[in-house]
K.L.:
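Take this structure, written in structure tokens, and hold onto it; I'll ask about it next.
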Amino acid sequence: MRSLDDIFEEYDFLDGDDRYRLLIELGRELEPMPDALKTDATLVRGCSASVWVYPVPRDDGRLHFLADSNAAITKGIVALVLAAVQDRPAVEVADMDVAAALAPFDLTRQLSSNRTQGVPNMIALVRDTARRIAAD
């Protein structure tokens, strides 16, 4: 997975339509999430599209996430969130201001509110998961 900085460098250079294409490409690059993990327990609430996020704690304390969405642009937004937190220590993710990390993308200005309304819920789910795992 590309770093958030690398993604932003490309994103910042593009215009609106190409930014959509980049988000779709990022979504396609996500590691496949097995259908068996797409359950009510992994569903992110409050998203206009279906979004599933499944944490995979590593033995070294890092968090790896599998995620998917049934909508291409939303899946790209999911990929952006994961680029900010993927394979980082749970303690770091728990304390991270993911919204601030995503702020340069100015998603609320670039995309409709329907597409971005679930982002805070996804960030909360990722951080809550990290807090729970870091506390163990």
Side-chain angles (χ1 to χ4, degrees):
M1 176 171 266
R2 296 188 247 177
S3 75
L4 200 58
D5 289 339
D6 287 346
I7 296 168
F8 181 71
E9 190 175 299
E10 184 176 352
Y11 185 87
D12 193 39
F13 179 74
L14 301 172
D15 67 7
D17 286 345
D18 287 333
R19 286 178 174 182
Y20 279 113
R21 282 190 274 284
L22 175 61
L23 287 173
I24 291 168
E25 178 186 325
L26 290 172
R28 288 184 183 139
E29 293 173 1
L30 278 178
E31 180 179 351
M33 181 179 188
D35 287 340
L37 296 178
K38 296 174 189 174
T39 66
D40 193 56
T42 61
L43 186 67
V44 178
R45 307 285 179 232
C47 295
S48 60
S50 295
V51 174
W52 301 272
V53 177
Y54 184 80
V56 182
R58 303 289 191 200
D59 291 339
D60 64 359
R62 294 180 181 275
L63 269 178
H64 186 81
F65 291 92
L66 298 176
D68 200 2
S69 176
N70 64 348
I73 296 287
T74 302
K75 192 170 178 176
I77 295 167
V78 169
L80 277 182
V81 173
L82 291 189
V85 301
Q86 193 71 291
D87 297 323
R88 293 183 182 266
V91 173
E92 185 180 321
V93 174
D95 292 334
M96 179 184 257
D97 187 345
V98 179
L102 297 176
F105 291 89
D106 198 13
L107 293 174
T108 55
R109 211 179 78 132
Q110 301 294 326
L111 304 168
S112 70
S113 62
N114 275 357
R115 295 203 195 274
T116 59
Q117 71 187 10
V119 173
N121 293 352
M122 184 177 168
I123 291 170
L125 182 141
V126 165
R127 290 188 65 212
D128 290 347
T129 299
R131 283 187 193 108
R132 190 175 65 253
I133 291 169
D136 286 344

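The figures here come from the full heavy-atom set of this structure, side chains too, leaving out hydrogens, waters and symmetry mates.
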K.L.:
For Glu9, does the CD atom have more than 12 heavy-atom neighbours from other residues, nucleotides or ligands under 6.0 Å away?
P.N.:
no

K.L.:
Has Asp35 got a side-chain atom pairing as donor or acceptor with Lys38's backbone, closer than 3.5 angstrom?
P.N.:
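No: the side chain of Asp35 does not pair with the backbone of Lys38.
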
K.L.:
If you look at every heavy atom in Ala130 and Ala90, which pair is closest and at what distance?
P.N.:
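Nearest pair, atom of Ala130 first, then Ala90: CB-O, 3.4 Å.
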
K.L.:
Within the structure provided, determine whether Val78 and Asp68 are in side-chain contact (heavy-atom separation under 4.5 Å).
P.N.:
no

K.L.:
For the hydrophobic clusters of this structure (ILVMFWY residues joined by side-chain heavy atoms under 4.5 Å, transitively), does one cluster hold both Leu43 and Val81?
P.N.:
no

K.L.:
Is a side-chain N or O of Glu31 found less than 3.5 angstrom from the main chain of Leu66, in a donor-acceptor match?
P.N.:
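No.
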
K.L.:
Is it the case that over 12 heavy atoms from other parts of the model lie below 6.0 angstrom from the CZ atom of Arg131?
P.N.:
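More than 12 heavy atoms, drawn from other residues, nucleotides or ligands, come within 6.0 Å of this atom.
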
K.L.:
If you take all heavy atoms of Val53 and Met122, which pair is closest and at what distance?
P.N.:
CG2-CE, 3.9 Å

K.L.:
Is there a path of hydrophobic side-chain contacts, each under 4.5 Å between heavy atoms of I/L/V/M/F/W/Y residues, joining Tyr11 to Val119?
P.N.:
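In one cluster: yes.
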
K.L.:
Are the side chain of Arg88 and the backbone N or O of Val93 linked by a donor-acceptor pair below 3.5 Å?
P.N.:
no

K.L.:
Look only at the side chain of Thr42 and the backbone of Leu37, and say whether a donor-acceptor pair between them is shorter than 3.5 Å.
P.N.:
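Such a contact is found between Thr42 side chain and Leu37 backbone.
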
K.L.:
Under a 4.5 Å cut-off applied to non-hydrogen side-chain atoms, are Pro104 and Asp12 in contact?
P.N.:
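No, their side chains stay 4.5 Å or more apart.
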
K.L.:
Take Val126 and Phe65 through the test side-chain contact (heavy atoms from CB on, under 4.5 Å) and record every step on the way to the result.
P.N.:
CA-CA 9 Å; Val126 165; Phe65 291 92; 3.7 Å; yes

K.L.:
Applying the side chain to side chain contact (heavy atoms under 4.5 Å, CB included) criterion to Ile123, which one of Val85, Val44, Val98 satisfies it?
P.N.:
Val98

K.L.:
Less than 4.5 Å apart, any side-chain heavy atom of Asp6 and any of Glu10?
P.N.:
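No, every pair of side-chain atoms sits at 4.5 Å or beyond.
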
K.L.:
Could you walk me through whether Leu26 and Ile7 pass side-chain contact (heavy atoms from CB on, under 4.5 Å), step by step?
P.N.:
CA-CA 9 Å; Leu26 290 172; Ile7 296 168; 3.7 Å; yes

K.L.:
State, to 0.1 Å, how close Pro32 and Pro34 come at their nearest heavy-atom pair, and which atoms those are.
P.N.:
O-CD, 3.8 Å

K.L.:
Between Ile77 and Leu30, is there a shared hydrophobic cluster once you connect ILVMFWY residues whose side-chain heavy atoms come closer than 4.5 Å?
P.N.:
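The answer is yes; both residues are in one hydrophobic cluster.
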
K.L.:
Report yes if the side chains of Lys75 and Leu23 come closer than 4.5 Å at any heavy-atom pair, otherwise no.
P.N.:
no

K.L.:
Evaluate the criterion side-chain contact (heavy atoms from CB on, under 4.5 Å) for residue pair Ile24 and Ile73; output intermediate values, then yes/no.
P.N.:
CA-CA 5 Å; Ile24 291 168; Ile73 296 287; 3.7 Å; yes

K.L.:
Compare every heavy atom of Leu63 with every heavy atom of Pro55, then report the nearest pair and how far apart it is.
P.N.:
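Of all heavy-atom pairs spanning Pro55 and Leu63, the closest is CB-CD2, 4.4 Å.
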
K.L.:
Using a 4.5 Å cut-off on heavy atoms from C-beta on, say whether the side chain of Leu22 contacts that of Tyr20.
P.N.:
no

K.L.:
Ion pair present between Arg58 and Asp60, side-chain N to carboxylate O less than 4.0 angstrom?
P.N.:
no

K.L.:
Set out, in order, the CA-CA distance, both residues' side-chain angles and the distance that settles side-chain contact (heavy atoms from CB on, under 4.5 Å) for Leu4 and Leu102, then state yes or no.
P.N.:
CA-CA 8 Å; Leu4 200 58; Leu102 297 176; 4.1 Å; yes

K.L.:
If you count every heavy atom of other residues, nucleotides or ligands that lies below 6.0 Å from Tyr54 atom OH, does the total exceed 12?
P.N.:
no

K.L.:
Assigning hydrophobic clusters by single linkage (Ile, Leu, Val, Met, Phe, Trp, Tyr; side-chain heavy-atom cutoff under 4.5 Å), is Leu125 placed with Met33?
P.N.:
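The answer is no; the residues belong to distinct hydrophobic clusters.
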
K.L.:
Does the pair Asp40/Arg45 count as a salt bridge with the N-to-O cut at 4.0 Å?
P.N.:
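The answer is yes: the pair qualifies as a salt bridge.
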
K.L.:
Taking NZ, NE, NH1 and NH2 as the nitrogens, is one of them in Arg2 or Glu25 under 4.0 Å from a carboxylate oxygen of the other?
P.N.:
yes

